[in-house]
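Excluded from the calculations below are hydrogen atoms, water molecules and symmetry mates; all remaining heavy atoms, backbone and side chain alike, are included.
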Amino acid sequence: MSAAGGEGEMLAQPGRTAGSKMAAWHRRALELVPGGAHTYSKGDDQFPRNAPALIERGQGCYCWDPDGGRWLDFGMGLRSVILGHAYEPVLVRVRAELERGSNFTRPSPLEGELAERLRALIPCAEMTKFAKNGSDVTTAATRLARAYTGRDLIAACHTNPFYSFDDWWIGTTPMAAGVPESIRQLTLTFPYNDLPAAEALFERHPGRIAAIIIEPVASEPPQSDFLGRLSALAHRHGAVLIFDEMISGFRFHERGAQGLYGVTPDLATFGKAMGNGFSVAALCGKRELMRLGGLDHDQARVFLMSATHGAETHALAAALATLAVIEAHAVPRRLSQLGQRLIEGCNRAAAGANLARHIRAVGHANSPVLVFRDEDEKVSAGFRTLFMQEMVKAGILIPYVAISYSHSEAEIDQFLGAFAAFLPTYRRAMERGLSTVLEGPVVKPVFRRFN
């Protein structure tokens with residue numbers, strides 16, 4: 001399933017000269033695009049200095065920079081590329097649709113076909129609306145919940161770092177410039193796996209909370225039937241339960257985290273893996289709520305979503321092809337096997353180097369999380385930067401762990417070999433100081449008030 005580069009291709013060579021093609025394109029991007037990228041997670045401040053500044057193309061689980069350097073990719077398009085870059089069965093379906101046109105004056109039959117497919121897969125998906133990105137569908141979910149309940153407040157789990165670029169969520173972050181204070185006051189937050197904290201919000205704001213929104217699973221699993229009890233809490237107080245399944249959807253289970261954990265939300269949002277990198281997202285939900293965005297009721301109309309490009313046919317075709325592969329090949333099960341191999345390998349190597357208290361692979365096997373701690377055992381962005389820097393030297397891009405169906409045991413073992421070779425450098429950094437081995441600035445959190 002892995003896709004290696006062709007014979008004679010250049011291996012990754014970080015630290016290229018300022019006169020390279022990549023450097024020239026990078027300078028142009030910084031001049032023309034705020035931050036040099038259209039997604040903050042792809043910005044220069046999120047990577048070590050020696051990382052490639054741009055990626056030109058990808059194939060399978062490898063990608064190439066404009067100077068020809070080849071990289072083993074564990075970022076996979078912000079976790080959106082679940083099957084692999086330029087995955088041929090998806091491209092075949094997309095090419096066929098492109099020959100037929102991409103946007104029409106009335107709906108395409110593909111819109112109903114994909115909605116029907118999602119209804120068969122996702123427990124809550126009685127009705128579906130499509131969009132181009134996750135922010136649009138999560139915002140639509142909160143608007144729908146407010147219309148359905150007649151309430152104004154949203155309770156969001158703040159352990160999950162991102163729901164939307166719209167004001168209702170960005171206003172809760174340190175990067176809230178431009179968001180009116182009146183809007184910021186409308187979103188409340190609580191920690192994951194902390195039911196008493198969520199209960200306290202309802203007690204402090206009786207009759208005002210329209211919805212709870214949460215990623216059902218992220219870096220830690222739900223404990224003590226947390227999701228089921230959260231659902232009961234929401235419904236006991238007349239609120240709507242929304243699952244943000246941008247990451248968990250189709251990666252953790254074919255039926256989403258709601259299928260995996262047996263808790264059906266009122267509304268759920270999907271994207272990322274759904275289209276293997278193509279721009280498609282979905283708001284799915286129970287008919288009782290979703291119909292308010294339609295034409296068959298006599299209540300106040302909800303402007304749910306209405307986007308010119310919301311249902312481009314080639315993107316819907318990509319989703320149909322992607323879901324077909326995910327189901328036919330039990331992709332989540334395969335990702336779990338590879339993720340477990342990575343988790344166990346990392347923890348075994350760290351323990352062998354007497355660094356188990358400083359480096360740990362945790363989380364669900366379908367989306368492992370690597371945690372790096374300093375000499376005082378505090379989570380450290382500096383040591384995480386060192387890790388990424390040393391992986392770049394080994395030809396590996398791994399800002400986080402997003403395993404795809406195109407990865408194989410060979411790629412996992414290649415990473416584990418580089419990881420083991422990196423551990424003595426980690427030890428030196430703790431003994432002599434991080435500045436003795438770190439070659440550039442420390443990566444920064446996306447959500448910060450000032451640069």
Side-chain angles (χ1 to χ4, degrees), residues 114-131 134 137-149 151 154-157 159-160 163 190 192-195 198-199 201-202 209-218 220-274 281-294 302 304-305 319 323 326-327 332-333 364 366-367:
L114 181 54
E116 190 172 59
R117 190 76 206 91
L118 291 172
R119 184 175 64 180
L121 273 177
I122 305 301
C124 78
E126 295 175 3
M127 299 186 81
T128 295
K129 284 275 284 190
F130 297 114
V137 290
T138 53
T139 292
T142 60
R143 182 185 304 123
L144 185 57
R146 282 169 163 155
Y148 179 75
T149 62
R151 301 173 178 181
I154 301 296
C157 177
T159 308
N160 310 133
Y163 291 104
F190 65 95
Y192 191 80
N193 271 331
D194 191 341
L195 191 69
E199 290 174 332
L201 294 180
F202 284 94
I209 297 177
I212 296 174
I213 185 168
I214 188 171
E215 285 188 41
V217 58
E220 60 178 306
Q223 299 170 3
S224 304
D225 189 30
F226 174 64
L227 296 178
R229 294 164 69 200
L230 196 67
S231 175
L233 173 68
H235 294 155
R236 186 165 64 250
H237 288 276
V240 172
L241 179 64
I242 305 169
F243 278 1
D244 177 347
E245 294 226 44
M246 286 297 139
I247 292 175
S248 60
F250 313 114
R251 175 173 292 277
F252 285 64
H253 194 275
E254 291 89 341
R255 294 169 62 79
Q258 57 193 271
L260 178 62
Y261 293 106
V263 177
T264 302
D266 301 300
L267 301 171
T269 59
F270 295 86
K272 289 192 184 289
M274 179 176 164
L283 167 61
C284 304
K286 296 178 179 178
R287 183 176 302 275
E288 183 181 358
L289 282 82
M290 294 290 289
R291 65 190 294 270
L292 297 183
V302 178
L304 193 51
M305 284 186 290
L323 294 179
I326 287 172
E327 281 196 274
R333 186 186 310 164
H364 197 286
N366 290 63
S367 187

Could you state the interatomic distance from [atom1] ([X]) to [atom2] ([Y]), rounded to the nearest 0.5 Å?
{"X": "Thr142", "Y": "Ile213", "atom1": "OG1", "atom2": "CD1", "value": "6.5 Å"}
{"X": "Ile154", "Y": "Ile242", "atom1": "CD1", "atom2": "CD1", "value": "6.0 Å"}
{"X": "Ile122", "Y": "Phe250", "atom1": "CD1", "atom2": "CZ", "value": "4.0 Å"}
{"X": "Met290", "Y": "Asp266", "atom1": "CE", "atom2": "CG", "value": "12.0 Å"}
{"X": "Met274", "Y": "Leu114", "atom1": "CE", "atom2": "CG", "value": "4.5 Å"}
{"X": "Lys129", "Y": "Leu267", "atom1": "NZ", "atom2": "CG", "value": "13.5 Å"}

Item to complete: Over 60° means perpendicular and under 30° means parallel, so classify the ring planes of His237 and Phe202, tilted if in between.
Response: parallel

Fill in: Donor-acceptor under 3.5 Å (Asp244 side chain, Thr138 main chain)
no

Fill in: Side-chain donor or acceptor of Glu245 paired with backbone N/O of Gln258 under 3.5 Å
yes

Worksheet entry | Pair His253-Val217, side chain to side chain contact (heavy atoms under 4.5 Å, CB included): steps then yes or no | CA-CA 11 Å; His253 194 275; Val217 58; over 6 Å; no

Any side-chain heavy atom of [X] within less than 4.5 Å of one from [Y]?
{"X": "Leu283", "Y": "Leu304", "answer": "yes"}
{"X": "Ile247", "Y": "Phe252", "answer": "yes"}
{"X": "Tyr163", "Y": "Cys157", "answer": "yes"}
{"X": "Arg255", "Y": "Pro123", "answer": "yes"}
{"X": "Ser224", "Y": "Arg229", "answer": "yes"}
{"X": "Ile212", "Y": "Phe190", "answer": "yes"}

Looking at [X] and [Y], what are the two nearest heavy atoms and their distance?
{"X": "Glu288", "Y": "Leu292", "value": "O-CG, 4.2 Å"}
{"X": "Met246", "Y": "Gly271", "value": "SD-N, 3.5 Å"}
{"X": "Ala210", "Y": "Thr149", "value": "CB-OG1, 3.3 Å"}
{"X": "Val302", "Y": "Ala147", "value": "CG2-CB, 3.4 Å"}
{"X": "Ala115", "Y": "Thr128", "value": "CB-CB, 4.2 Å"}
{"X": "Ala257", "Y": "Ser248", "value": "CB-OG, 3.8 Å"}

Fill in: Option passing side-chain contact (heavy atoms from CB on, under 4.5 Å) with Leu230 (candidates Asp225, Ile214, Val263)
Ile214

Worksheet item: Should the heavy atoms of other residues, nucleotides or ligands under 6.0 Å from CZ of Arg119 be counted, would the total exceed 12?
Response: no

Worksheet entry | Whether over 12 other heavy atoms sit under 6.0 Å from Glu220 CD | yes

Practice prompt. Could I get the full list of ring-ring contact (aromatic ring centres under 6.0 Å, His included) partners for Tyr192, not counting sequence neighbours?
Written response: Phe226

